[in-house]
Asks: 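One structure is given below, represented as structure tokens, and several questions about it will come after.
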There are 2 protein chains.
Amino acid sequence: MYEMLSKAEVLTDAADTFASCEPRPPVPASRPAAAGAGARCASCMMRHICMAASLEADDVERLDRAMQGWRTVRHNERLFRAGDPFRSLYAVRAGSFKTVVTPERGKEHISGFFMAGDAIGMDGICDETHACDAIALEDSVVCVLPYHLLEALCREIKPLQRQFHRMLSAEIVREANQMMLLGNMSAEQRVASFLLGISARHRARGYSATSFVLRMTREDIGSYLGVTLETVSRTLSKFQHEGLLAVQGKSLELLNLDALDAR
Amino acid sequence: MYEMLSKAEVLTDAADTFASCEPRPPVPASRPAAAGAGARCASCMMRHICMAASLEADDVERLDRAMQGWRTVRHNERLFRAGDPFRSLYAVRAGSFKTVVTPERGKEHISGFFMAGDAIGMDGICDETHACDAIALEDSVVCVLPYHLLEALCREIKPLQRQFHRMLSAEIVREANQMMLLGNMSAEQRVASFLLGISARHRARGYSATSFVLRMTREDIGSYLGVTLETVSRTLSKFQHEGLLAVQGKSLELLNLDALDAR
DNA sequence: CGACTCATTGACCAGACTCAACACCGGTGG
DNA sequence: CCACCGGTGTTGAGTCTGGTCAATGAGTCG
């Protein structure tokens, strides 16, 4: 979602996948973009925050071979839907996603935003069915990692096992923090915390921590934060008046990280 | 606030410890395990919903041998604290716990309640440090499973690996649902949902789904649900007036599950 | 250019919070 | 045995944050 660098700079390999996009199908096609070919983790800019983190070169190679390839997902299309059978995990290679939980009754809820290097789909493991929809916030590319192969590799490659468990655990911690936010923070604090979170994730990826573009709508942000879109808009305006940031539509510049944090 | 449990207090004989003061543990007094010996998963009533689920008998035996034994945690004492080094996972064998996330600034937040058969501590995997406090809601007993041994076993026993991944994923899904609750449900809906959740967990363990004792305070419930203790109290009173339940202090009887669900 | 989605801002209102008083309950100690 | 006490739970009154409804503006795409 948030990269300020040009797409091409991030995509590298993925760029040609984008270039060769087929005419947009009504439903996302699930076939691998590069069937058979490895996913080239070794050349991926996100390898240090992804599944391949802290692996030796030859283990990265094995992971690569397990990859089913890439898949492109166009803006607003779904990578998977709640109820779909769970078969693979996905790693965002380029672009960004939101995950949406839809209760039987009641409004749908955005449960997370995912950018390059993040893994999506871990909620599907427990009952072999995806528990949410994953929707692309822009034209995106994911690496497809069949779960049974990952399981097998985890039994053989200890660092991979460790990294995978770390990622699962990190998701638990992330959600626990989000629960805390939803449970006892004011609307202002939620928005400030959200912006700082985005900022930190940018920094971790080598992008600007203070200047970025929000890929999601105000409504998405509101849903994620448990407030209305009007409140998000008002809060951003207020922060702007106070000189904490500059906002123009989806473009955002944070002017005072400390003051935001003090909320 | 409360005195800490001495580290040396590793359990030798949980049954005896418990029998002397026990209020009403969900788990029947089972035969004591010798110190250092396995935890006797085979005879544990919770084996179906715990780590040993769907394991062959001899694999259960291996898991047993990996167990470091039991540990008792008395009412209001901590199993671990945020910041403690992560070394083991815990499975609640008897009693119950709450987990508390404490932000640098701001009020602490109850992130979960755990009863017999539940696993605690999975948040510690990602950076080898516990991210929350786990506090006993009553005198309790946990099985202690050193994490490095679990990792090793998961590389050898495929069904155990699968079960462990399921448990991690289930925690992610549980939290996602809780986020949804915190994000867009009214106070009444939150309380109703909470009660139905407790009810379902009791049912899954073979206890009464309609009649039980809440081990936590109104304040705990409120923190967990993102409302104040007064709101919890008022809502319970309202539900009682409407004939949906009968409440007397911590004792609760659900009289109309469907009507609660309709909230 | 029109149609649409998305964002901003204002006015009003209600659900939940805060503050406060009081009841209850189990334990403790005189 | 009773008085006392701290922690807990209930209930009421007043307040305010954030939701709802509505109008308008800005941006985008065919």
Side-chain angles (χ1 to χ4, degrees), chain A residues 1 23-24 74-76 98 106-107 109-110 135 137-139 181-195 213-242 245-252 263, chain B residues 1-2 21 23-24 74-76 98 106-107 109-110 135 137-139 181-195 213-242 245-252 263:
Chain A
M1 56 191 111
R24 178 192 298 223
R74 298 201 151 271
H75 187 203
N76 280 334
K98 62 180 175 184
K107 283 199 308 285
H109 178 82
I110 309 289
I135 303 175
L137 293 170
E138 60 193 306
D139 291 348
L181 178 145
L182 293 168
N184 32 20
M185 292 172 80
S186 71
E188 274 189 17
Q189 290 173 319
R190 297 182 197 199
V191 174
S193 170
F194 170 73
L195 296 175
V213 174
L214 298 171
R215 285 357 258 227
M216 70 294 287
T217 67
R218 301 288 191 265
E219 184 168 17
D220 287 338
I221 299 173
S223 173
Y224 182 61
L225 298 178
V227 298
T228 59
L229 64 97
E230 291 95 330
T231 297
V232 173
S233 184
R234 273 188 254 269
T235 305
L236 288 175
S237 297
K238 184 176 181 206
F239 284 168
Q240 186 168 36
H241 274 124
E242 296 175 0
L245 51 79
V247 55
Q248 186 180 13
K250 289 184 164 22
S251 298
L252 205 59
R263 298 301 174 119
Chain B
M1 186 170 175
Y2 300 111
C21 62
R24 95 192 55 160
R74 299 203 155 270
H75 187 203
N76 279 335
K98 62 179 176 184
K107 283 198 307 284
H109 179 81
I110 310 288
I135 304 176
L137 294 171
E138 59 193 305
D139 291 347
L181 178 144
L182 292 167
N184 23 343
M185 292 171 80
S186 71
E188 274 189 19
Q189 290 174 319
R190 296 182 198 200
V191 174
S193 170
F194 170 73
L195 296 175
V213 174
L214 298 171
R215 300 328 291 215
M216 69 294 286
T217 67
R218 301 289 192 264
E219 184 168 18
D220 287 339
I221 299 173
S223 173
Y224 182 61
L225 298 178
V227 298
T228 59
L229 65 96
E230 292 96 329
T231 297
V232 173
S233 183
R234 272 187 253 270
T235 305
L236 288 175
S237 297
K238 185 175 180 207
F239 284 169
Q240 185 168 35
H241 275 124
E242 297 175 359
L245 52 79
V247 55
Q248 186 180 12
K250 288 183 163 20
S251 298
L252 205 59
R263 298 301 175 118

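As the structure is a computational prediction, the values presented were derived from the model and not from experiment. What you see below is based on every heavy atom in this structure, not just the backbone, and it leaves out hydrogens, waters and symmetry mates. Below, chain A is the first sequence line, B the second, and so on; all start at residue 1.
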Asks: Rounding to an integer number of Å, can you tell me how far A:Arg215 CZ sits from C:dC6 C1'?
Replies: 15 Å

Asks: Quick one: is C:dT18 close enough that its OP1 or OP2 comes under 4.0 Å of any side-chain N or O from B:Thr228?
Replies: no

Asks: From the list D:dG18, C:dA7, D:dT11, which nucleotide is the closest neighbour of the side chain of B:Arg234?
Replies: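 Closest nucleotide to the B:Arg234 side chain: D:dT11.
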
Asks: Within this structure, what is the NE2-to-C1' distance between A:His241 and C:dG10, rounded to whole angstrom?
Replies: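 It works out to 14 Å between those atoms.
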
Asks: Expressed as a whole number of angstroms, how long is the span from B:Lys238:NZ to D:dT11:P?
Replies: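 From B:Lys238 NZ to D:dT11 P: 14 Å.
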
Asks: Quick one: is C:dC6 close enough that its OP1 or OP2 comes under 4.0 Å of any side-chain N or O from A:Thr217?
Replies: no

Asks: B:Ser186 side chain: which of D:dG19, C:dT8, C:dA16 is closest?
Replies: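 Side chain of B:Ser186 sits closest to C:dA16.
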
Asks: For the side chain of A:Lys250, counting heavy atoms from C-beta on, which of D:dT10, C:dA7, C:dT9 is nearest?
Replies: C:dA7

Asks: Does B:Thr231 put a side-chain nitrogen or oxygen below 4.0 Å from OP1 or OP2 of C:dA16?
Replies: no

Asks: So what does A:Leu236 touch, heavy atoms closer than 4.0 Å: a base, only the sugar-phosphate, or nothing?
Replies: nothing

Asks: Reckon A:Gly222 touches a base, only the sugar-phosphate, or nothing at all at heavy-atom distances under 4.0 Å?
Replies: nothing

Asks: Any side-chain N or O of A:Ser233 below 4.0 angstrom from OP1/OP2 of C:dT9?
Replies: no

Asks: Between the base of C:dC24 and the side chain of B:Gln248, is there any donor-acceptor pair under 3.5 Å?
Replies: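 No, the side chain and the base share no sub-3.5 Å donor-acceptor pair.
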
Asks: Nearest whole Å is fine: how far is D:dG18 P from B:Asn184 CG?
Replies: 16 Å

Asks: From CZ of A:Arg218 over to P of C:dC6, roughly how many Å is that when rounded to an integer?
Replies: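 Roughly 12 Å, once rounded to whole Å.
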
Asks: Taking the minimum atom-to-atom distance to the side chain of A:Glu230, which one of D:dC21, C:dC17, D:dG18 wins?
Replies: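 For the A:Glu230 side chain, the nearest candidate turns out to be D:dC21.
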
Asks: NA contact type, B:Val232, heavy-atom cut-off 4.0 Å: base, sugar-phosphate, or nothing?
Replies: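 Nothing, no nucleic acid heavy atom in range.
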
